[in-house]
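Here the structure is laid out as structure tokens; the discussion comes afterwards.
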Amino acid sequence: MSLISFKKRSIKTQILAVIMLISSVALALAFFFFLVYDFFYVKNKTEEQINSLAQVIASNNKVSIEFNYGQTAEQDLSNILMRDHPNITEACIYDSSRTPIAVYFGSTQRTNKPASYRMPPFTEFNFPDNYLYVYRAIEDDYGRKVGTVYLKTNLDALYQRLYQYSIVLTIIYVGVIALTYLISLWSQRIISEPILSLAENTKVISEEKDYSFRIPNNRADEIGVLINGFNEMLGQIEEQNLALTFAKEQAEQSSKAKEQFLANMSHEIRTPMFAVMGLTDTLLETGPNSKQREHLDHIKVSAEHLLVLINDILDLSKIESGMLSFEESVIELTPLLEAVTASSSQKINQKKLLVKRSVAPNVPKKFLGDSVRLKQVLINLFSNAVKFTETGEVELGVEVLDKTDHDYELNFFVRDTGIGIPPEKQEYIFSIFTQASSDTTRKYGGTGLGLAICRQLVELQGGQIKVKSELGIGSTFSFSIRYKAYQETLVVEQGNLTGKLFEDDRPASVGRRILLAEDVEINQMLVSNMLISFQHQVSVAQNGLMAFQMLAEKDYDLVLMDVHMPELDGYQATQKIRQELPEPKRSIPIIAITASALKTELDRCISAGMNDYISKPFNKQTLQEKIAAHLSPKV
């Protein structure tokens, strides 16, 4: 038996039980009130009859009492009571002095002592003891009281009536309950089963999410109307579901198109940016004169500004699409702060600003978190402080707000003596494309994306960013994030060390054979010049297929693989290397060169079998660090 069938039977049983309970209680209450009503009705009727009988006896014995004819009165009692009133068990006629002159006892009991005298009129009904007392005054023709009639009757007739009624009502009760049970079973097939079937189908539709299902309906009553309404509702839900599914597919396609557009735009913009910045650095290294160096510096600053704008737009897009993720690595505080201040060193020197670094004594030197995003937020806040401060100082600091055995809540702050922000503008500066005023935009530049991205980066890590500012005095931007504590461990392997200590003990900075797979001629020149300046030997492949063939024919230490190339792109070439070449060539380090900064693109590089990636545009130091990370001696 299925669970649904069991539940259906259980519901039927419960409904039947409720019907039977209600019917039983209602019928029992009705019979109870009927018996109570009949009891009091018969009681009143009995009292009226005995009082009437007492009145008749009183009228018949006026003369007997007046002339003290006790024998005549007693004979009259016997004649009346024995013939017509067998339930009268005691009777007595008293004279005016309360002396009995006639006494009657029923056939079941004999005694010469009547009941105690009670002043008429008096009636006492005692149902538990099975008797009824009646005392009735006897008056002469002038209305004077000349005696009293006393009657006592048993209540056997009332008991018998109640007993008979109880038997009859019990039979009726059982019959009605049985009939109710049969009618309930019949009504369940007509009413309950269709409703239960409707509920069962509702459950199935809810679980299977099949809104195209329709419940068969061959009824023209209210239940049929209910089923038709339910089927109409299913039709509307199906239409809405189809519309939502279509909208979802369109949104997904739009998201993919947007992602592809951003990837293409990133590639198309970053590739020439790499050429502009690389050629600028190359020209700066050739020893230009002062005028040429000034122009080249302007080109470099403009290129860096454009690159920041591109990165901000890509970051904003990743945040809005939910594609941004955070990594956990060791963050070394001192090098991090030095890198942040060094990022604006040129402007600091130009403005002759005083830079302070304030680190509380209890701040850990190392902790775990996303160093890239932390550095991004700090550089943005610090560069803004430098940009909006003409004279004075900029302070970069960090303090501990809360500490446990496992983590720290660190508060980073950047304080400046710049132009400040009006109070009415402070709540808007973290909004997208918003700056304090149009004058600020014209004078200092910027898109208003930086602080919005900083806020979202902080809040996505569970933190909070704040600003305190006074116009003309300066501003303090601060944010707090909880980071995990860094536990430095020393692993010591027991036993003797055998074999080679190093896989390759050549220095990573000289004499390496590097294969560069790049189809753009200017990029070939720029990267080759960088590698040659590191004293590496460079071979250039025009496409992915040529890179595979060259690696198959000759030994190399590392491959720099552009991901967008003809014949075979970087992904296909890497997979071909990993699958078709023998060891150790199959395991050669491959660093992807990509103009995209989207996480999906970077994940694709790793999935294709590449060891690392570097995003265009990049400088010589970044390239050297990437190469050293994969060619350094390994213990």
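Side-chain contact check for Y104 and E74: no donor-acceptor pair (N or O, by modelled atom type) lies under 3.5 Å. Between the side chains of Q55 and N51, not a single donor N or O lies within less than 3.5 Å of an accepting N or O. Checking E124 against Y131 by side-chain atom types alone, a donor-acceptor pair falls below 3.5 Å. N61 and D76 form a side-chain donor-acceptor contact under 3.5 Å, judged by distance and modelled atom types alone.
Among all heavy-atom pairs drawn from V103 and C92, the shortest one is CG2-SG, 4.0 Å. Among all heavy-atom pairs drawn from A360 and E399, the shortest one is CB-CA, 4.0 Å. In this structure, I177 and S24 approach most closely via the heavy-atom pair CD1-OG, 3.3 Å. The two atoms that bring P364 and L410 nearest to each other are CD-CD2, 4.1 Å, heavy atoms only. The two residues S23 and T180 have their closest heavy-atom pair at OG-CG2, 3.2 Å. Considering all non-hydrogen atoms of both residues, N130 and L155 come closest at OD1-N, 2.7 Å.
Environment of CZ in F32: sparse, with no more than 12 heavy atoms of neighbouring residues, nucleotides or ligands closer than 6.0 Å. The number of heavy-atom neighbours closer than 6.0 Å to NZ of K468, taken from other residues, nucleotides and ligands shown, is 12 or below. E424 CD: more than 12 foreign heavy atoms inside a 6.0 Å radius. Heavy atoms of other residues, nucleotides or ligands lying less than 6.0 angstrom from NZ of K43 number more than 12.
Atoms CD and CZ, from Q464 and R455 in turn, are 9.0 Å apart once rounded to the nearest 0.5 Å. Rounded to the nearest 0.5 angstrom, T89 OG1 and D156 CG are separated by 9.5 Å. Here the CG-CZ distance, from L457 to R373, works out to 5.5 Å after rounding to the nearest 0.5 Å. Between the CG atom in N241 and the CZ atom in F246 there is a gap of 14.0 Å [rounded to 0.5 Å]. With values rounded to the nearest 0.5 angstrom, T99 atom OG1 is found 13.5 Å from I93 atom CD1. Separating the OH atom in Y133 from the OG1 atom in T123 is a distance of 13.0 Å, to the nearest 0.5 Å.
Salt bridge E328/K484: present, at least one basic N to carboxylate O contact under 4.0 Å. We find that E139 and K62 are not joined by a salt bridge, their nearest charged nitrogen and carboxylate oxygen being 4.0 Å or further apart. Between R482 and D402, at least one side-chain N (NZ, or NE/NH1/NH2) sits under 4.0 Å from a carboxylate O, which counts as a salt bridge.
Side-chain contact between K366 and L333 is absent, with no heavy-atom pair separated by less than 4.5 Å. In this structure the side chain of T476 never reaches within 4.5 angstrom of the side chain of V414, judged on heavy atoms. Put simply, the side chain of I331 does not reach to within 4.5 Å of the side chain of L368, judged on heavy atoms. Between L27 and I172 the shortest side-chain heavy-atom distance does not fall below 4.5 Å. With a 4.5 Å cut-off on side-chain heavy atoms, L169 and S166 do not count as touching. For the pair H85/L53, a side-chain contact is recorded, criterion being any heavy-atom separation below 4.5 Å from C-beta on. Looking only at side-chain heavy atoms (C-beta outward), L381 and F413 stay at 4.5 Å or farther from each other. Contact of the F122 side chain with the V134 side chain is not registered, since no non-hydrogen atoms from C-beta on lie closer than 4.5 Å.
Taking the six-membered ring where tryptophan is involved, the planes of F125 and F127 are essentially parallel, since the angle between them stays under 30° and well short of 60°.
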Open item on the list: Please evaluate residues Q75 and N79 with respect to the criterion side-chain contact (heavy atoms from CB on, under 4.5 Å), reporting the C-alpha separation (whole Å), side-chain torsions for both, the decisive distance (0.1 Å), and the verdict.
Closed with: CA-CA 6 Å; Q75 184 65 37; N79 292 335; 3.2 Å; yes
- [ ] Take L471 and I421, measure what side-chain contact (heavy atoms from CB on, under 4.5 Å) needs, and give me the verdict at the end.
- [x] CA-CA 5 Å; L471 197 61; I421 305 169; 6.0 Å; no
- [ ] Step by step, work out the ring pair (Phe, Tyr, Trp, His ring centres under 6.0 Å) result for Y135 and Y150.
- [x] CA-CA 5 Å; Y135 288 85; Y150 154 71; 4.8 Å; yes
Open item on the list: Go through it in stages, so that I can follow the logic: the residues are L374 and F367, the test is side-chain contact (heavy atoms from CB on, under 4.5 Å), and I'd like the CA-CA distance, side-chain angles, deciding distance and then a yes or no.
Closed with: CA-CA 12 Å; L374 176 59; F367 47 90; 4.2 Å; yes
Task: Worked verdict on L244 versus K248 for side-chain contact (heavy atoms from CB on, under 4.5 Å) - done: CA-CA 6 Å; L244 289 174; K248 178 184 176 184; over 6 Å; no
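At distances below 3.5 Å, not a single donor-acceptor pair connects side-chain atoms of T148 with backbone N or O atoms of A137. Without hydrogens or angle criteria, S480 side chain to N411 main chain gives no donor-acceptor distance under 3.5 Å. A donor-acceptor contact shorter than 3.5 Å is absent between the side chain of D38 and the backbone of F34. Remark: the backbone N or O of I65 is not paired with any side-chain donor or acceptor of D95 at under 3.5 angstrom. Remark: side-chain polar atoms of N380 are not paired, donor with acceptor, to backbone N or O of Q376 under 3.5 angstrom. Using modelled atom types, one side-chain atom of T153 and one backbone atom of N87 make a donor-acceptor pair closer than 3.5 Å.
Taking the ring centroids of F479 and F412, they lie under the 6.0 Å cut-off. The six-membered or imidazole ring of Y483 lies away from that of Y408, with a centre-to-centre distance of 6.0 Å or more. Here Y94 and Y117 bring their ring centres to under 6.0 angstrom of each other.
Of the candidates L151, T46, L158, L132 forms a side-chain contact (heavy atoms from CB on, under 4.5 Å) with just one, namely T46.
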